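Structure, as structure tokens:
Values in this document were obtained by computation on a predicted structure and should not be read as measured data.
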Amino acid sequence: MLSKQRLIRAGVTVLLVAGLGACGTGAGQGGSGGHGAAGGHSAGDARPQQDGVSGLRAGIRHVQKKTVKAKRPHMVKKCDSATKRVKHTKRSGRGKKKTWYTTERYQDCRKVRQGTESYRRVVRHEKWCVQLDDVNGRAGKDHVWYRVTPATYHTALGKDEHAHLRFTPTGNGC
């Protein structure tokens with residue numbers, strides 16, 4: 001009976017996942033995949049590109065990591081010595097049963113809060129970005145930002161304005 005219920009629950013889960021997955025594809029949403037921008041990904045979308053892009057260097061941007069001081073609970077491990085009574089049973093060949101008890105010691109441990117501790121919380125991660133004009137040879141596709149690796153950023157930094165660049169971005173937008 002239990003395995004039958006599990007089988008039914010698994011089937012319902014598969015149907016729900018398939019149904020929800022179908023809702024996210026953009027057949028009737030202007031090809032945008034349901035992300036709000038009519039022509040593809042939105043500017044802040046950080047989805048990585050599968051293939052490289054090329055174009056004319058229009059700008060570069062290095063966004064520094066931003067952190068703030070924050071406090072969190074300081075958790076420590078607290079252990080108490082404890083004992084438990086353990087029952088032992090032995091049967092002899094003649095059907096006799098002998099039972100005895102022993103006391104075993106063990107550590108009962110748990111994490112408990114003990115004050116607070118200060119730490120640096122990351123509010124914004126470090127990003128390296130390059131802006132391209134005429135992306136992939138399309139003259140109308142200008143001012144498109146791409147996230148790139150630090151090495152690609154430094155390569156673009158050494159190039160002149162409107163120099164031709166080709167790279168594989170790590171994400172869209174900056």
Are any of the side-chain heavy atoms of [X] and [Y] separated by less than 4.5 Å?
{"X": "R113", "Y": "M75", "result": "yes"}
{"X": "T116", "Y": "H74", "result": "no"}
{"X": "V53", "Y": "F167", "result": "yes"}
{"X": "K69", "Y": "R120", "result": "yes"}
{"X": "V112", "Y": "Q114", "result": "no"}
{"X": "K65", "Y": "V122", "result": "yes"}

State the [atom1]-[atom2] distance between [X] and [Y], to the nearest 0.5 angstrom.
{"X": "H154", "Y": "I60", "atom1": "NE2", "atom2": "CD1", "result": "9.0 Å"}
{"X": "K84", "Y": "T103", "atom1": "NZ", "atom2": "OG1", "result": "11.5 Å"}
{"X": "Y119", "Y": "R72", "atom1": "OH", "atom2": "CZ", "result": "5.5 Å"}
{"X": "L56", "Y": "K159", "atom1": "CG", "atom2": "NZ", "result": "12.0 Å"}
{"X": "E126", "Y": "H62", "atom1": "CD", "atom2": "NE2", "result": "3.5 Å"}
{"X": "K87", "Y": "R85", "atom1": "NZ", "atom2": "CZ", "result": "9.5 Å"}

Original post:
Taking it one step at a time, do E161 and R57 satisfy side chain to side chain contact (heavy atoms under 4.5 Å, CB included)?
Top reply: CA-CA 6 Å; E161 193 77 15; R57 176 186 176 262; 3.2 Å; yes
Original post:
Is a side-chain N or O of N172 found less than 3.5 angstrom from the main chain of Y146, in a donor-acceptor match?
Top reply: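 No; judged by distance alone, with no hydrogens or angles, the pair does not exist.
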Original post:
Hey, is the main chain of T149 close enough, under 3.5 Å, to the side chain of T170 for a donor-acceptor pair?
Top reply: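 Side chain of T170 to backbone of T149: no pair is present.
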Subject >> Closest approach of H88 to V86 (non-hydrogen atoms, all atoms of both residues) >> reply: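 What the structure gives for the nearest pair is CD2-O, 3.6 Å.
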Subject >> R124 atom CZ: more than 12 heavy-atom contacts under 6.0 Å >> reply: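 Counting neighbours around CZ of R124, more than 12 heavy atoms of other residues, nucleotides or ligands fall under 6.0 Å, so yes.
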**OP:** Decide if atom CZ of R110 counts as having more than 12 heavy atoms of other residues, nucleotides or ligands within a radius under 6.0 Å.
**Re:**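 Correct, the count exceeds 12.
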Subject >> Side-chain ion pair, E117 and K71, N-O less than 4.0 Å >> reply: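 Answer for the salt bridge query: no.
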Original post:
Please, which pairs that meet disulfide bond (SG atoms under 2.5 Å apart) have at least one residue in residues 97-156, sequence neighbours excluded?
Top reply: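 Residue pairs passing disulfide bond (SG atoms under 2.5 Å apart), neighbours aside: C79-C109, C129-C174.
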Original post:
Cluster question for you: counting only ILVMFWY and a side-chain heavy-atom cut-off of under 4.5 Å, with indirect links fine, are L165 and L157 together?
Top reply: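 Per the 4.5 Å side-chain linkage, L165 and L157 are co-clustered.
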Original post:
Under the side chain to side chain contact (heavy atoms under 4.5 Å, CB included) criterion, do D142 and D134 qualify, and how do the steps go?
Top reply: CA-CA 5 Å; D142 292 339; D134 299 340; 3.2 Å; yes
Subject >> K97 vs T89, side chain to side chain contact (heavy atoms under 4.5 Å, CB included): CA-CA, chis, key distance, verdict >> reply: CA-CA 7 Å; K97 184 166 107 175; T89 306; 3.5 Å; yes
**OP:** Mind running side chain to side chain contact (heavy atoms under 4.5 Å, CB included) on H143 and D133 for me, showing each step along the way?
**Re:** CA-CA 5 Å; H143 309 297; D133 286 342; 3.7 Å; yes
Subject >> Non-neighbouring partners of D160 that pass salt bridge (Lys or Arg N to Asp or Glu O under 4.0 Å), sequence neighbours left out >> reply: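 For D160 there are no salt bridge (Lys or Arg N to Asp or Glu O under 4.0 Å) partners, ignoring immediate neighbours.
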